[in-house]
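Note that the structure is a prediction, hence the values are computed from the model and not measured. Just follow the structure's listing: the first ligand is 1, and inside any ligand the first atom is 1.
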Amino acid sequence: MTDMETSIRKKTVILTTGGTIAGVGNAGKTTGYTPGVLTANELTSSLPRTVTDIEVCEICSLNSDDIGAVIWLKLAKFINKKAAEPDISGFVITHGTDTLEETAYFLDLTVKTEKPVVLTGSMRPSTAVSADGDMNLYEAVCVSASPKAVGLGVLAVFADRIFSARQVTKTNTYHTAAIGARETGALGVVRDGEVYIYNKPTRRHSLLSEFDVSELEILPKVNIVYFSADADPEILEFAAKRSDGIVIAGAGAGEFDEGFKKVINRLDIPVVISSRTGEGIIVASNLLCKNTVAADDLPPQKAAVLLRLALTKTKDMKEIERFFSEY
Ligand code: ASP
């Protein structure tokens, strides 16, 4: 390779955080393994270096259920600094699938770069028969290095499909295509390393986001309270005392009973109404309580991410309503 070629060769930075993709268990089995065991170098050792150069950095080795604001802020700050390096074309984050969608959406709202940031993981540990991690990682790297993925915000790549961070969600407990986007679908696909994009995100993200985490060490506390038949409203009251904001996972289009209604009408912290159905939109005219904000089509766990960021700026309900309509 000539000096000229060396100087223009770009690289992807792979940030590892643990999860099943780095999981190790009994040979062949898909359950009962330990997540986050493989080191960053072990995880990436069989990755073909043909598409782009690779730099690897271990952020943590966690089951993704143990990932929250501390790791989100670490990732956002790391990417925002590193993205300025001209030889870097994009980032891949390996992550457990359980909360991949929350990390992806947080980063979508807080990274300040057009360069692709792509999350991936796997449903089967590295020691399973037909483990899905290697292919997911390879395809995520292909997307991170593709000019077609520039400016699309944070993405997730899983089982040959490309999703926007805002829409991606875990839809199943064990299928290898458990990461999807329900009714709004994928942005594109990867086939043999080639990237095909058919849709683009329309909501504000990355460079067009007004959220700035550069000075933040913690995030406001938001809890999600799930409504079900005969749910105890005192649980909601207790949660509210320990929170800066509340997200309700309501039934249907964000509904709940009289007991919940009474408590919500009395609360003086922001309350966002989402749905426990897993799909569909909630609009202002659905709202049972006037002092609440509709989550649009965000599931409870993503409404909580946006509300936490919103609360870093304001407690004003009109402004929070605007965030939920623009992001
Ligand atoms: N519990 C694992 C995690 O989220 C599941 C997975 O990665 O698929 O870390």
Side-chain angles (χ1 to χ4, degrees), residues 14-47 56-76 78 91-108 117-141 143-144 154-163 165-182 186 190 224 249 278 299-302 304-305:
I14 301 182
L15 307 172
T16 64
T17 69
T20 297
I21 192 166
V24 170
N26 291 330
K29 299 289 183 199
T30 58
T31 62
Y33 59 90
T34 310
V37 173
L38 297 184
T39 63
N41 284 329
E42 284 166 340
L43 179 57
T44 54
S45 61
S46 59
L47 187 67
V56 179
C57 175
E58 193 167 296
I59 297 288
C60 60
S61 294
L62 294 171
N63 191 29
S64 75
D65 306 279
D66 290 313
I67 289 180
V70 172
I71 301 292
W72 296 347
L73 290 166
K74 189 172 175 182
L75 283 167
F78 182 98
F91 299 84
V92 167
I93 302 170
T94 61
H95 199 289
T97 58
D98 290 350
T99 67
L100 181 147
E101 62 201 86
E102 281 135 283
T103 302
Y105 190 42
F106 177 81
L107 294 175
D108 197 42
V117 176
V118 185
L119 281 87
T120 196
S122 77
M123 290 301 291
R124 295 177 181 156
S126 63
T127 43
V129 171
S130 195
D132 51 332
D134 282 351
M135 188 58 156
N136 284 344
L137 180 58
Y138 171 68
E139 292 188 336
V141 168
V143 174
S144 74
V154 174
L155 302 169
V157 168
F158 220 88
D160 308 325
R161 294 186 293 170
I162 305 165
F163 303 98
R166 188 181 184 282
Q167 302 308 128
V168 74
T169 191
K170 188 168 185 177
T171 61
N172 187 275
T173 59
Y174 70 101
H175 287 163
T176 51
I179 298 291
R182 297 216 163 96
V190 188
I224 299 168
Q301 62 276 20
K302 281 190 176 162
V305 171

- To which protein heavy atom is atom 2 (C) of ligand 1 closest, and what is the distance rounded to 0.1 Å? Asn63 OD1, 3.2 Å
- Message: Could you tell me, atom by atom, which parts of ligand 1 come under 4.0 Å of a heavy atom of Gly19?
- Response: 7 (O), 9 (O)
- With heavy atoms and a 4.0 Å threshold, my read on which part of Pro35 contacts ligand 1 is neither
- Item | Protein contact of atom 8 (O) of ligand 1 - nearest heavy atom, named by residue and atom, plus distance | Thr97 OG1, 2.4 Å
- Task: For the residue pair Phe106 and Leu73, establish whether any side-chain heavy-atom pair is separated by less than 4.5 Å.
- Result: yes
- Query: Can an N or O of Tyr33 be found at a distance shorter than 3.5 Å from an N or O of ligand 1?
  - Reply: no
- Item | atom 4 (O) of ligand 1: the protein heavy-atom neighbour that sits closest, reported with distance to 0.1 Å | Ser64 OG, 2.5 Å
- Query: How about Thr97 and Phe158: do any of their side-chain heavy atoms sit closer than 4.5 Å?
  - Reply: yes
- Do ligand 1 and Thr20 have nitrogen or oxygen atoms that lie under 3.5 Å from each other? yes
- Message: Closer than 4.0 Å to some heavy atom of Asp65 - which atoms of ligand 1 meet that?
- Response: 1 (N)
- Item | Side-chain (Lys302) to main-chain (Tyr105) donor-acceptor, under 3.5 angstrom | no
- Task: Could you tell me which atoms of ligand 1, counted from 1 in the order shown, lie closer than 4.0 angstrom to a heavy atom of Ser122?
- Result: 6 (C), 7 (O), 8 (O)
- Query: How does Thr99 reach ligand 1, by side chain, by backbone, by both or by neither, if only non-hydrogen atoms under 4.0 Å count?
  - Reply: neither
